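Below is one structure, written out as structure tokens; the observations come after it.
One is the number of the first residue; the rest follow in order along the sequence. Keep in mind that this is a model prediction, so the values were computed, not measured.
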Amino acid sequence: MVGGKYKLVILHKLAIHGVKRFNELRREFPNITQRTLTRQLRELESDGLISRQVYSEIPPKVEYSLSETGKSLYPILLQIENWGLNYIANNPK
């Protein structure tokens, strides 16, 4: 469910910032293509980890946020982040 290059970081950004629009996420990851971001978001939504809210406006407005299931992953994301920071601190190059 969280495999792939961007899924964990997308979940992390949504956990920190709450609600993000598609283009805001796109700016967070300048190296990601629109197609890849769309695919990752759709997979996260179909797995029930994020919620997608569509507003009928012109131009279309779509917001993404963590679902309740996604929010339950947040403590695990923090542990992964802490592990990574400790690893970097203890293994300088």
Quiz item: What's the verdict on side chain to side chain contact (heavy atoms under 4.5 Å, CB included) for E63 and Y55, showing C-alpha distance, side-chain angles and the deciding distance?
Solution: CA-CA 8 Å; E63 293 180 337; Y55 298 91; 3.1 Å; yes
Practice problem: Pick out which of E28, R26, K20 makes a side chain to side chain contact (heavy atoms under 4.5 Å, CB included) with E24. | Solution: K20
Quiz prompt | Residues K13, I10; criterion side chain to side chain contact (heavy atoms under 4.5 Å, CB included); working and verdict | solution = CA-CA 5 Å; K13 292 291 181 189; I10 290 169; 5.9 Å; no
Quiz item: Does E43 reach the main-chain N or O of Q40 with its side chain, forming a donor-acceptor pair under 3.5 Å?
Solution: no
Practice problem: Please name the pair of heavy atoms, one in K7 and one in D47, separated by the smallest distance, quoted to 0.1 Å. | Solution: NZ-OD2, 4.4 Å
Quiz item: More than 12 foreign heavy atoms under 6.0 Å from CZ of R39: is that the case here?
Solution: yes
Practice problem: Keeping the roles fixed (side chain from S65, backbone from G18), state whether a donor-acceptor pair exists under 3.5 Å. | Solution: no
Quiz item: Do any N or O atoms from the side chain of T36 and from the backbone of I32 form a donor-acceptor pair under 3.5 angstrom?
Solution: no
Exercise. Would you kindly confirm whether V54 and L37 end up in one hydrophobic cluster when ILVMFWY residues are joined by side chain heavy atoms under 4.5 Å apart?
Key: yes
Self-check item: Heavy-atom closest pair, residues L44 and M1
Solution: CD2-O, 4.0 Å
Quiz item: If you round to the nearest 0.5 Å, how far is CZ of R21 from CG of L25?
Solution: 11.0 Å
Exercise. Return yes when atom NZ of K61 has more than 12 non-hydrogen atoms of other residues, nucleotides or ligands closer than 6.0 Å, and no otherwise.
Key: yes
Quiz item: Mind checking whether L66 and L49 have side chains closer than 4.5 Å, heavy atoms only?
Solution: no
Practice problem: Grab the two heavy atoms, one from E45 and one from I50, that are nearest each other, plus how far apart they are. | Solution: N-CG1, 3.5 Å
Practice problem: Say whether F29 and V19 are linked into one hydrophobic cluster, either directly or through other cluster members, by side-chain heavy-atom distances under 4.5 angstrom. | Solution: no
Quiz item: Rounded to the nearest 0.5 Å, what separation is found between the CG atom of L73 and the CG atom of L14?
Solution: 12.0 Å
Practice problem: Determine whether L11 and Y74 make a side-chain contact, defined as any pair of heavy atoms from C-beta on separated by less than 4.5 Å. | Solution: no
Self-check item: R52 vs V62 side-chain heavy atoms within contact, under 4.5 Å
Solution: yes
Quiz prompt | Spacing of CG belonging to L41 relative to OH belonging to Y6, to within rounding of 0.5 Å | solution = 12.5 Å
Quiz item: Taking atom types as modelled, is there a side-chain donor on S72 or T69 under 3.5 Å from an acceptor on the other?
Solution: no
